[in-house]
Amino acid sequence: MTNSNIKYFLLKKKFFLMFILVCLTFISALYSGPVVDDSKQIESNTRNIYLPFGFGFSVGSDAGNYMRIAKDPSIIFERERIVNGRELVPGTVGLSRPGFLFMTYMVSKPINFIFNYFNLFSENIHKNIKESLDSGYMEMGIKQTIEDSVPNLRDLYPTYITFVLLNLIIIILCLIFYSKAMKFSVFKISSYATISLWLGFFFIINDLTKKYIVSPSVGLFNLLAVSITLLACSSLKKETKNQNLLILYSLIFGLGNLFYEIFICPFVTLLLIYIKIEIIDNKKKLKDLIKSYKLFLSSIIIFITPYLSWYIFVEFYQNGFYHFGIEASPGFSILREDFLKIFSGIILNMIHGIKVAYLSVFPVFLLLLTFTVHSLLIKKDNLFKQDNFFLIGFIYSTTILVFFSSYGVIASRHTIGIVLIFIPYLATLMERNIKKKKDNYIYAFFVFFIFYSVYVARKTFPYGEGSNLFNPFI
């Protein structure tokens with residue numbers, strides 16, 4: 001390849017190569033060693049893992065159980081777990097969200113074969129991991145080793161690799177679904193010269209991916225729920241019949257609940273956007289829409305059937321259903337109070353959730369504020385006529401806030417979606433108002449995301465389950 005050909009190739013692919021460089025920077029920063037001291041991590045039910053050559057990462061307390069279940073799915077029905085006289089969280093912690101764990105089990109089989117066939121196991125890495133996990137018990141003053149609770153630690157490494165690969169696939173799917181909602185393709189090189197695609201980086205670099213790419217969890221389904229909501233709602237059109245799409249996405253969201261029970265929020269958003277299009281855009285009368293009750297009833301039945309089927313199977317054939325978040329936490333306990341306490345409690349939680357969310361992705365908030373003010377004051381735009389994107393964001397963020405505020409636990413991993421859901425709306429505003437020198441904006445995004453990726457990966461918050469390492473600005 002001649003110098004002129006190389007130069008042409010780099011010019012043609014430069015924005016794509018810049019995109020890849022930011023991704024590699026973020027992943028490298030994530031595995032560049034723990035950023036919080038062991039003692040603080042242990043207080044937050046998190047463990048630091050130290051690897052050779054200064055590499056390392058942190059995993060949440062649920063990671064061990066999720067890997068045990070993904071290695072042996074029968075553990076999901078484990079009702080009691082005693083190790084050296086200590087009662088630990090049993091496998092039923094995964095009973096309410098079996099989908100991802102069973103999927104990991106199936107995908108891990110070929111990876112496990114490759115891992116063993118090519119003898120990819122490293123005794124040195126195993127030694128580092130074991131010492132890292134054992135030091136956590138020492139820090140807590142517990143006479144125990146990791147192999148007391150997980151005797152087959154070596155066997156879990158292919159399972160961990162599978163979790164990481166699936167987590168990366170989830171993030172890629174988020175970007176693909178977002179791009180489809182925005183009517184561009186991540187598989188076209190020309191797309192990487194658009195502001196819309198670069199704004200999609202906030203789906204890749206955020207507090208959720210910081211914690212859960214490297215730690216087995218279902219947390220990234222919060223991001224997937226946002227992107228599928230955008231795709232589903234943007235697929236509904238004024239000029240087409242949307243009934244089949246409503247049924248299709250009702251099934252998809254229903255199956256999604258088996259992976260993470262957040263998909264009630266995308267389902268509600270989808271229903272309300274469908275009703276809006278029928279009544280306001282297509283000028284249908286309310287009484288005509290009510291006559292379509294069979295369609296709505298069918299979509300509701302299709303939505304609840306997957307989870308209900310799993311519930312019935314476990315309840316009647318596996319000694320009863322157990323939801324760890326509701327029965328052990330307990331979630332939704334606020335709903336047992338009187339109306340005034342319920343109302344005030346949910347409102348206070350929602351305010352806190354909004355603050356957590358916008359501080360977690362503060363650059364998005366600044367861009368949203370700037371371009372929305374410009375749109376309202378200068379352009380005199382109607383927020384609810386931007387391809388429904390603002391309305392989709394409003395409905396989805398409201399349902400998420402109500403859901404998690406009622407549940408009683410509302411951290412950045414739960415609420416970051418209420419900001420990311422507005423990225424298509426933001427991208428629409430920016431593409432409409434930025435007509436000249438778009439390349440300069442892409443270069444600016446590139447420089448920003450290089451620094452932002454390192455900042456997000458290496459900052460000391462948020463971490464842990466408990467989390468006493470919250471955003472210091474809250």
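For the numbers below, each heavy atom of this structure counts, side chains included, while hydrogens, waters and symmetry mates do not.
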Visitor: How about Asn124 and Asn128: do any of their side-chain heavy atoms sit closer than 4.5 Å?
Guide: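 In contact.
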Visitor: List the atom of Gly33, the atom of Arg458, and the distance in Å for their closest heavy-atom pair.
Guide: O-NH1, 2.8 Å
Visitor: Should the ring pair Phe221 and Phe263 be called parallel, tilted or perpendicular, given that the plane angle runs from 0 to 90° and is split at 30 and 60?
Guide: perpendicular
Visitor: Before accepting this row, confirm whether a basic side-chain N of the pair Glu123/Arg154 lies closer than 4.0 Å to the acidic partner's carboxylate O.
Guide: yes
Visitor: Test your reading of the model: is there a side-chain donor-acceptor pair from Ser405 to the backbone of Val402, 3.5 Å cut-off?
Guide: no
Visitor: Under a 3.5 Å distance rule, please check whether Asp148 uses its side chain to pair with a backbone N or O of Gln144 as donor and acceptor.
Guide: no
Visitor: Are the side chain of Asn48 and the backbone N or O of Pro34 linked by a donor-acceptor pair below 3.5 Å?
Guide: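 Flag not set: sc Asn48 to bb Pro34 has no pair under 3.5 Å.
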Visitor: Between Ile395 and Ile273, is there a side-chain heavy-atom distance shorter than 4.5 Å?
Guide: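 Contact flag for Ile273/Ile395 side chains = yes.
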Visitor: Does the plane of the ring in Phe422 sit parallel, tilted or perpendicular to the ring in Phe390? Use 30° and 60° as the thresholds.
Guide: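 Plane angle between 30° and 60°, so tilted.
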Visitor: Is any side-chain heavy atom of Leu166 less than 4.5 Å from a side-chain heavy atom of Ile169?
Guide: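 The answer is yes, as the side chains (C-beta and beyond) meet within the 4.5 Å cut-off.
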Visitor: Can you tell me if Lys127 has over 12 outside heavy atoms packed within less than 6.0 Å of its NZ?
Guide: no
Visitor: Kindly give the heavy-atom pair with the smallest separation between Asp134 and Ile146, and that separation in Å.
Guide: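 Closest approach of Asp134 to Ile146, heavy atoms only: OD1-N, 2.7 Å.
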Visitor: Would a distance-only check, ignoring hydrogens and angles, find a side-chain to backbone donor-acceptor pair under 3.5 Å from Asn116 to Asn112?
Guide: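 Yes, the answer is positive, given that a donor and an acceptor are paired below the 3.5 Å cut-off.
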Visitor: Is it true that a side-chain atom of Asn167 and a backbone atom of Tyr212 form a donor plus acceptor pair closer than 3.5 Å?
Guide: yes
Visitor: Looking only at heavy atoms, which two atoms of Tyr178 and Pro424 are closest? And how far apart?
Guide: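 Residues Tyr178 and Pro424, closest heavy atoms: CE1-CG, 3.8 Å.
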Visitor: Is a side-chain donor-acceptor pair under 3.5 Å present for Glu139 with Ser39?
Guide: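 There is no such pair (donor and acceptor under 3.5 Å, judged by atom type) between the side chains of Ser39 and Glu139.
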Visitor: Kindly check if the number of other-residue, nucleotide or ligand heavy atoms within 6.0 Å of CZ (Phe448) is above 12?
Guide: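 Yes, the 6.0 Å shell around CZ holds more than 12 heavy atoms from other groups.
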Visitor: To the nearest 0.5 Å, how far apart are CD1 in Ile111 and OG1 in Thr162?
Guide: 3.5 Å
Visitor: Using a 4.5 Å cut-off on heavy atoms from C-beta on, say whether the side chain of Tyr157 contacts that of Ile125.
Guide: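 They are not in contact (no side-chain heavy atoms under 4.5 Å apart), so the answer is no.
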Visitor: For side chain to side chain contact (heavy atoms under 4.5 Å, CB included), just list the numbers for Lys180 and Ile176, CA-CA rounded to whole Å, side-chain angles, deciding distance to a tenth of an Å, and then say yes or no.
Guide: CA-CA 6 Å; Lys180 284 186 173 295; Ile176 291 173; 4.2 Å; yes
Visitor: What I want to check is whether the side chains of Thr372 and Tyr425 have a donor and an acceptor closer together than 3.5 Å.
Guide: yes
Visitor: For the backbone of Tyr192 and the side chain of Trp198, can you confirm whether one donor and one acceptor N or O come within less than 3.5 Å of each other?
Guide: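 Yes.
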Visitor: Verify, without hydrogens or angle tests, whether Glu147 (side chain) and Asn152 (backbone) share a donor-acceptor contact under 3.5 angstrom.
Guide: no
Visitor: Does one side chain, of Glu431 or Ser196, offer a donor that lies under 3.5 Å from an acceptor on the other?
Guide: yes
Visitor: Look at the rings of Tyr452 and Phe449 and say which category their plane angle falls in: under 30° parallel, 30 to 60° tilted, over 60° perpendicular.
Guide: perpendicular
Visitor: How long is the gap from CE on Met106 to CG on Leu101, to the nearest 0.5 Å?
Guide: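 Rounded to the nearest 0.5 Å, the CE-CG separation comes to 11.0 Å.
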Visitor: Using a cut-off of 6.0 Å, state whether more than 12 heavy atoms not belonging to Met140 lie near its atom CE.
Guide: yes
Visitor: Measure the acute angle between the ring planes of Phe100 and Phe163, then classify it against the limits of 30° and 60° as parallel, tilted or perpendicular.
Guide: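 Rings of Phe100 and Phe163: perpendicular, as their planes differ by over 60°.
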Visitor: Can you give me the closest heavy-atom contact between Gly219 and Asn222, atom names plus distance?
Guide: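 In this case the closest contact between Gly219 and Asn222 is O-ND2, 2.9 Å.
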Visitor: Starting at CD1 of Ile252, measure out to CD1 of Ile247 and round the result to the nearest 0.5 Å.
Guide: 12.0 Å
Visitor: What distance separates Ile434 CD1 from Ile195 CD1, expressed to the nearest 0.5 Å?
Guide: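 So the gap between those two atoms works out to 4.0 Å.
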Visitor: Quick one, Phe19 and Leu197 - any side-chain contact, counting heavy atoms below 4.5 Å?
Guide: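 Side-chain contact under 4.5 Å: yes.
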Visitor: With a 3.5 Å distance limit and no angle check, can you tell me whether Asn242 reaches the backbone of Leu245 through a side-chain donor-acceptor pair?
Guide: no
Visitor: Between Tyr407 and Phe403, how do the two ring planes meet: parallel, tilted or perpendicular, split at 30° and 60°?
Guide: parallel
Visitor: Considering only heavy atoms from C-beta outward, does the side chain of Met430 approach that of Phe371 to under 4.5 Å?
Guide: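 A side-chain contact exists here, since the closest heavy-atom pair is under 4.5 Å.
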Visitor: Can Asn388 and Lys276 be said to form a side chain to side chain contact (heavy atoms under 4.5 Å, CB included), step by step?
Guide: CA-CA 10 Å; Asn388 282 331; Lys276 179 264 179 186; 2.7 Å; yes
Visitor: Taking the six-membered ring for Trp and the single ring otherwise, decide whether the centroids of Tyr31 and Phe57 are under 6.0 Å apart.
Guide: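 For Tyr31 and Phe57, the ring centres are under 6.0 Å apart.
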Visitor: Please round to the nearest 0.5 Å and tell me the distance separating atom CZ of Phe446 and atom CZ of Phe451.
Guide: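 It is 9.5 Å, given to the nearest 0.5 Å.
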Visitor: What heavy-atom pair brings Gly417 and Val226 nearest, and what distance separates the two atoms?
Guide: CA-CG2, 3.6 Å
Visitor: Restricting to non-hydrogen atoms, name the atom on Thr159 and the atom on Met67 that form the minimum distance, rounded to 0.1 Å.
Guide: CG2-O, 3.8 Å
Visitor: Do the non-hydrogen side-chain atoms of Leu199 and Phe202 ever get within less than 4.5 Å of each other?
Guide: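 Side-chain contact under 4.5 Å: yes.
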Visitor: Looking at Ser215 and Gly60, would you say the former's side chain and the latter's main chain have a donor-acceptor pair under 3.5 Å?
Guide: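 Yes, because the side chain of Ser215 sits within donor-acceptor range (under 3.5 Å) of the backbone of Gly60.
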Visitor: Rounded to the nearest 0.5 Å, how far apart are CG of Leu165 and OG1 of Thr104?
Guide: 10.0 Å
Visitor: Determine, stepwise, if the pair Leu271 / Val268 fulfils side chain to side chain contact (heavy atoms under 4.5 Å, CB included).
Guide: CA-CA 5 Å; Leu271 284 179; Val268 171; 5.8 Å; no
Visitor: Is there side-chain contact between Ile400 and Phe404, with heavy atoms separated by less than 4.5 Å?
Guide: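 Yes, at least one pair of side-chain atoms sits under 4.5 Å.
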Visitor: Go through Lys71 and Tyr105 one step at a time and tell me if the side chain to side chain contact (heavy atoms under 4.5 Å, CB included) criterion holds.
Guide: CA-CA 6 Å; Lys71 177 66 178 176; Tyr105 167 75; over 6 Å; no
Visitor: Any ion pair linking Asp281 and Lys237 (charged N to carboxylate O, less than 4.0 Å)?
Guide: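 No salt bridge links Lys237 with Asp281.
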Visitor: Sub-3.5 Å donor-acceptor pair from the side chain of Ser397 to the main-chain atoms of Phe394, do we have one?
Guide: yes
Visitor: Quiz question: by atom type and distance under 3.5 Å, do the side chains of Tyr441 and Lys436 form a donor-acceptor pair?
Guide: no
Visitor: Just say parallel, tilted or perpendicular for the rings of Phe267 and Phe303, cut-offs at 30° and 60°.
Guide: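 Answer is parallel, since the angle falls under 30°.
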